[in-house]
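In what follows, a structure is listed as structure tokens, so that the remarks can point back to it.
When a ligand or atom number is given, it counts from 1 through the structure's own listing order.
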Amino acid sequence: MTRDEILSTYTDISIIEHPFVKHKLTSLRDKNTSTREFRMLVEELGTLIGYEATRDLETVDTEVETPLETTLSPVLKGKKLCIVTIMRAGNGLAEGVLKLSPSARVGHVGMYRDPDTKQPVEYYLKMPHSINERTIIVVDPMLATGNSAIAAISKMKDMGAQDIRFICLFAAPEGIEAFKKAHPDVPMFIGAIDRELDDHAYIRPGVGDAGDRIYGTR
Ligand SMILES: O=P(O)(O)OC[C@H]1O[C@H](OP(=O)(O)OP(=O)(O)O)[C@H](O)[C@@H]1O
Ligand SMILES: O=c1cc[nH]c(=O)[nH]1
Ligand SMILES: [Mg+2]
């Protein structure tokens, strides 16, 4: 599917077209961007895309006393948000989303992609309580085959999550199709849809291995 076909087929996929987002994504692509800069950019993008991904959160009017009078004014409704990071690379994005909602709860799903099978291998899982009553924001910078995000979200659903959304920075068309087939009910907030996956299931043009670039490993 092309980018345009994806966007006309799935109405709950948002590409964040803001110029700051585009500019920062380009800096991430640059192979000369340092580890320090890369990590900072991922965090900043977490805040910017997180802002869009939470635009529809419900509020409820509450009474507040200003120095001059009592008035009704909106506050966020319901239980605290839950941000779920797909480790490792999701951690930087999660920090950025947390800037919007510092009291959010954080769930961790540890997964790495087996280089041969391209299937995710889970090595860690820790979630806060009552995830069935929270808005869950799953974050991972890269959606390649989609296998990792699909598995992480299936896990959330098995644990009772009902309101889930997904944030990534770069997505391959193949990954989006697989994701939507598995989880048609989960809205996606994406920085950029790239051209394709290569023979090693890396996103092209992409950024290379996001986890390695965030943490300076390789
Ligand atoms: O859509 P997929 O084909 O599943 O690929 C995407 C996954 O690969 C990367 O993680 P990786 O396995 O490199 O682990 P890391 O975050 O520890 O580097 C990335 O952060 C995603 O989790
Ligand atoms: O391009 C890719 C694909 C999977 N994981 C990454 O970090 N980058
Ligand atoms: Mg990696």
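When non-hydrogen atoms are compared, ligand 1 lies under 4.0 Å from neither the backbone nor the side chain of Asp212. The residue Lys118 has no part lying near ligand 1, judged by heavy-atom distances below 4.0 Å. Counting heavy atoms under 4.0 Å from ligand 1, residue Thr145 touches it through both backbone and side chain. If you look at Ala201 next to ligand 2, the close heavy atoms, those under 4.0 Å, all belong to the backbone.
A heavy-atom separation below 4.0 Å is found between Arg113 and ligand 2. For the ligand labelled ligand 1, residue Gly146 lies inside the 4.0 Å heavy-atom shell.
Taking the charged nitrogens against the carboxylate oxygens, Lys79 and Asp163 have no contact shorter than 4.0 Å, which rules out a salt bridge. Electrostatic pairing of Asp185 and Lys157 counts as a salt bridge here, judged by a charged N lying under 4.0 Å from a carboxylate O.
Counting heavy atoms from C-beta on, the side chains of Asp12 and Lys180 come closer than 4.5 Å. Counting only heavy atoms from C-beta outward, the side chains of Leu125 and Met159 approach each other to under 4.5 Å. By the 4.5 Å heavy-atom criterion applied to side chains, Ile136 and Ile83 are not counted as neighbours.
Those atoms of ligand 1 that come under 4.0 Å of a heavy atom in Met142, given as number and element, are 6 (C), 19 (C), 21 (C). The distance from ligand 1 to the heavy atoms of Gly211 drops below 4.0 Å at these ligand atoms: 18 (O). Taking every non-hydrogen atom of Tyr112 and a distance limit under 4.0 Å, the qualifying atoms of ligand 1 come out as 12 (O). Atoms of ligand 1 lying under 4.0 Å from any heavy atom of Met87, numbered from 1 in the order shown and given with element: 16 (O). Those atoms of ligand 2 that come under 4.0 Å of a heavy atom in Ala210, given as number and element, are 6 (C), 7 (O). Here is the list of ligand 1 atoms found below 4.0 Å of a heavy atom in Ser148: 2 (P), 4 (O), 7 (C), 22 (O). For ligand 2 and Ala144, the ligand atoms under 4.0 Å from any heavy atom of the residue are 3 (C), 4 (C).
At least one N or O atom of Gly208, backbone or side chain, sits closer than 3.5 Å to an N or O atom of ligand 2. The N/O atoms of Met142, backbone and side chain alike, include none that comes under 3.5 Å of an N/O atom in ligand 2. Polar contact check, Pro141 against ligand 1: no nitrogen or oxygen pair lies under 3.5 Å apart. Of the N or O atoms in Ile203, one or more lie within a sub-3.5 Å distance of an N or O in ligand 2.
The side-chain contact (heavy atoms from CB on, under 4.5 Å) test with Ile176 is passed by exactly one of Ile13, Leu7, Thr9: Ile13.
When you scan the N, O or S atoms of Asp209 for the one nearest the Mg ion (ligand 3), you land on OD1.
In this structure, Arg29 forms no cation-pi arrangement with Phe38, as its terminal cationic atom is not both closer than 6.0 Å to the ring centre and no more than 45° off the ring axis.
Protein heavy atoms come within 4.0 Å of atom 5 (O) of ligand 1.
Here Phe20 and His18 bring their ring centres to under 6.0 angstrom of each other. Ring centers of Phe189 and Phe166: at least 6.0 Å apart, outside the cut-off.
Nearest protein heavy-atom neighbour of atom 17 (O) of ligand 1: Arg88 NE, 2.9 Å.
Taking backbone and side-chain atoms together, Asp212 has no N/O/S atom less than 2.8 Å away from the Mg ion (ligand 3).
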